[in-house]
Amino acid sequence: MRGPSFQRHLFLACMASACGARTGLDEPRDVADAGPADASDRQDAGPEDVPLAPPPCGRDTPVGSVRFAVAGVTGHVAIDADGTIYAPYETADRGRGVLALDPCGRERWRAPAVRPTGRGRVLGGEVRLSTGGDVLLTNLYGDTAARGVWRFGRDGEARPPYPAVDAVVRFVGLPPGRGPVLVTQGAMTTVGRLAGFDLAGRQTLDAPDWSNVNECAVSGTVVGCLDTALDLAAGRRLWSEPYEILDGTLRHPLPPAIDGDRIYVAFFGLSSYVLLARELRTGRVIWRVDLARSSRGQVDLLMGAPVVGADGTVYVYVNVHRGAGARGELVAVRRDGSRAWVFGARATRTDYHRYATHAVGRAGVIYLAVGRALYAVGEDGRQRWTLAIPEGANASAPVLSPNGDLALHTDDDRLLVVATESAGAAPSAWPLTGGDARNGNAR
């Protein structure tokens with residue numbers, strides 16, 4: 001399915017003011033527990049085991065500079081092994097579709113998927129890639145027309161939909177070698193079901209009594225959540241805990257990260273913001289860390305779900321109102337539950353629907369995009385370089401390509417692709433929100 005070269009509402013443009021140029025911030029850095037960065041600290045190549053190989057786009061793009069930008073991209077992208085970027089975009093009728101771009105930003109195809117029904121706007125959107133060649137559009141919200149999963153091939157051709165009997169209310173994961181795992185719920189019921197599919201689209205799992213308030217991820221054959229886990233192969237629950245009431249309200253979990261036999265989940269109530277480590281298959285609590293305490297509830301709330309570095313350090317971002325105003329921090333927590341360091345970076349927008357702000361690169365750099373900047377932070381908590389993003393990049397959903405580029409979403413619905421020093425994501429169990437560049441929420 002191939003559309004016209006570019007419609008007026010969606011265009012590919014290399015920004016004259018940004019392409020090939022690194023810029024700093026006019027305001028001072030807000031960094032806690034980290035000294036000033038020095039230019040000599042920056043790395044211009046990844047580790048020797050995986051050489052950095054930027055895409056051959058006809059010109060050099062220095063590390064920390066924008067390679068290209070695309071308008072009309074509305075959320076989390078996915079990137080395949082050859083560097084093709086698959087992005088959710090806004091259609092001419094304000095619906096949603098999938099756009100495929102080559103590593104230099106040239107359009108390969110676009111496929112419209114969702115049309116509004118007049119009951120509200122279609123918002124958000126994430127693209128995910130299966131290991132069987134599927135390109136899925138998920139995580140739309142707003143209009144009731146957006147309750148579903150839309151399926152295409154890597155060439156943009158529509159594929160048969162998954163035979164979910166009830167409406168899809170939550171995407172869970174897209175495990176390697178499998179189709180999606182979804183939570184579905186009937187119009188007249190309050191209890192959901194966990195549905196799983198194979199790569200051909202046949203349903204292989206139907207687990208009743210599954211709540212749609214769970215944020216889960218998949219590791220191997222285990223679906224892990226804050227308060228339950230299920231073995232996909234056997235179709236049985238491994239453990240379950242009562243839902244926690246935190247600050248007088250039902251806890252709200254972010255998408256988890258899974259590292260071997262552990263699951264890390266960040267969650268919040270009204271004033272409390274917490275990171276919890278559990279044993280994946282037993283549910284035993286290993287440790288619990290208080291990330292922040294808000295002085296005004298969920299005012300100024302923006303969080304970034306946990307990701308894991310190569311040494312097992314867990315990185316979580318939290319921005320809430322504290323004392324005199326909003327304060328945001330990237331918190332590094334060691335595997336034993338102790339804090340390693342905190343990097344200060346304030347968000348400039350509240351978002352309750354999207355929780356992806358940072359990613360860990362192969363060069364030992366954490367890329368955090370919040371507020372009006374992209375920060376490159378070393379594993380020691382020291383800032384290496386910064387790219388100003390005046391329009392804001394709070395729900396940024398950064399994804400690292402194998403070619404060293406970082407793709408992120410801006411507040412005015414643009415895709416920015418930035419050259420980095422990392423030859424892809426870090427060699428860890430969960431370096432990106434979504435697990436890896438496929439954004440399958442599964443490893």
Side-chain angles (χ1 to χ4, degrees), residues 139 166-173 175 181-196 205-294 297-298 301 303-306 308 314 316 318 320 331 333 335-337 352-353 355 430 433 441-442:
N139 288 54
D166 300 322
V168 175
V169 294
R170 187 177 294 278
F171 174 88
V172 174
V181 180
L182 312 167
V183 180
T184 68
Q185 184 174 316
M188 305 301 293
T189 63
T190 59
V191 179
R193 307 180 74 88
L194 193 67
L205 173 71
D206 181 14
D209 193 24
W210 193 273
S211 172
N212 66 11
V213 304
N214 283 312
E215 286 283 3
C216 308
V218 183
S219 177
T221 62
V222 178
V223 178
C225 316
L226 172 61
D227 37 40
T228 193
L230 180 137
D231 188 317
L232 283 172
R236 64 180 180 88
R237 295 233 186 192
L238 297 172
W239 56 271
S240 186
E241 293 286 341
Y243 299 144
E244 180 173 349
I245 302 300
L246 187 61
D247 306 326
T249 188
L250 183 66
R251 86 292 178 270
H252 189 98
L254 279 61
I258 299 178
D259 184 2
D261 61 352
R262 293 187 177 195
I263 182 169
Y264 298 108
V265 191
F267 60 98
F268 59 90
L270 295 176
S271 302
S272 304
Y273 299 80
V274 178
L275 176 65
L276 185 72
R278 286 188 186 270
E279 288 184 350
L280 178 62
R281 298 192 68 91
T282 70
R284 183 182 71 88
V285 174
I286 302 169
W287 47 255
R288 178 176 177 135
V289 172
D290 291 329
L291 298 170
R293 184 81 181 170
S294 171
Q298 295 174 357
L301 174 64
M303 291 190 72
V308 182
V314 184
V316 186
V318 57
V320 289
V331 184
V333 181
R335 188 170 169 82
D336 63 5
Y352 295 97
H353 294 281
Y355 305 104
W430 210 273
T433 302
N441 207 35

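If you read the sequence from its start, that first residue is 1, and numbering goes on from there. Reckoned from all heavy atoms, side chains included, excluding hydrogens, waters and symmetry mates.
Taking the side chain as every heavy atom from C-beta outward, Leu270 and Gln298 approach each other to under 4.5 Å. Put simply, the side chain of Leu226 does not reach to within 4.5 Å of the side chain of Glu241, judged on heavy atoms. Counting heavy atoms from C-beta outward, Phe267 and Met303 have side chains that stay 4.5 Å or more apart. The side-chain heavy atoms of Val331 and Val333, taken from C-beta on, include a pair separated by under 4.5 Å. Put simply, the side chain of Val213 reaches to within 4.5 Å of the side chain of Arg251, judged on heavy atoms. Within the 4.5 Å cutoff, the side chain of Leu291 has no heavy atoms near those of the Val274 side chain. Two residues are said to be in side-chain contact when any heavy atoms from C-beta on lie closer than 4.5 Å; Leu205 and Leu232 meet this criterion.
Every residue meeting the ring-ring contact (aromatic ring centres under 6.0 Å, His included) condition with Tyr273, not counting sequence neighbours, appears here in chain and number order: Phe268. Looking at residues two or more places apart in sequence or on another chain, you find a side chain to side chain donor-acceptor pair (under 3.5 Å) between Ser211 and Tyr243.
Applying the disulfide bond (SG atoms under 2.5 Å apart) definition to pairs two or more places apart or across chains, those involving residues 210-284 are Cys216-Cys225. Residue pairs meeting the salt bridge (Lys or Arg N to Asp or Glu O under 4.0 Å) criterion with at least one member in residues 209-224, sequence neighbours excluded, are Arg170-Glu215. Residues in residues 263-292 take part in no disulfide bond (SG atoms under 2.5 Å apart) pair, two or more places apart or across chains.
Residues Val265 and Pro253 share a closest heavy-atom pair of CG1-CB, 3.9 Å. Smallest separation of non-hydrogen atoms from Val318 and Ala292: CG1-CB, 4.1 Å. Taking each heavy atom of Pro175 and Val218 in turn, the nearest pair found is CG-CG1, 3.7 Å. Across all non-hydrogen atoms, the minimal contact from Pro306 to Val314 is CB-CG1, 3.7 Å. Taking each heavy atom of Val316 and Ala266 in turn, the nearest pair found is CG1-CB, 4.0 Å.
Taken to the nearest 0.5 Å, the NE2 atom of His353 stands 11.5 Å off from the CG atom of Asn139. To the nearest 0.5 Å, atom CZ of residue Arg278 and atom CG of residue Asp227 are 7.0 Å apart. One finds the CG atom of Leu280 at 9.5 Å from the CD1 atom of Ile286 (value rounded to the nearest 0.5 Å).
Of the options Leu194, Val181, Val172, a side-chain contact (heavy atoms from CB on, under 4.5 Å) to Leu230 is made by Leu194 and by none of the others. Each of Asp206, Thr184, Asn212 was evaluated against Arg193; a single residue qualifies, Asp206, per the side chain to side chain donor-acceptor pair (under 3.5 Å) test.
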Candidate pair Asp231 and Arg281, rule side-chain contact (heavy atoms from CB on, under 4.5 Å), full reasoning: CA-CA 9 Å; Asp231 188 317; Arg281 298 192 68 91; 3.4 Å; yes
Test log, rule side chain to side chain donor-acceptor pair (under 3.5 Å), inputs Ser272 and Asp247: CA-CA 7 Å; Ser272 304; Asp247 306 326; 3.0 Å; yes
side-chain contact (heavy atoms from CB on, under 4.5 Å) between Ile245 and Leu250, worked out: CA-CA 5 Å; Ile245 302 300; Leu250 183 66; 4.3 Å; yes
Please tabulate, one pair per line, all N/O donor-acceptor pairs under 3.5 Å involving side-chain atoms of residues 255-264, not counting sequence neighbours.
{"unit_1": "Arg262", "atom_1": "NH1", "unit_2": "Tyr264", "atom_2": "OH", "d": "3.3"}
{"unit_1": "Arg262", "atom_1": "NH1", "unit_2": "Arg335", "atom_2": "O", "d": "2.7"}

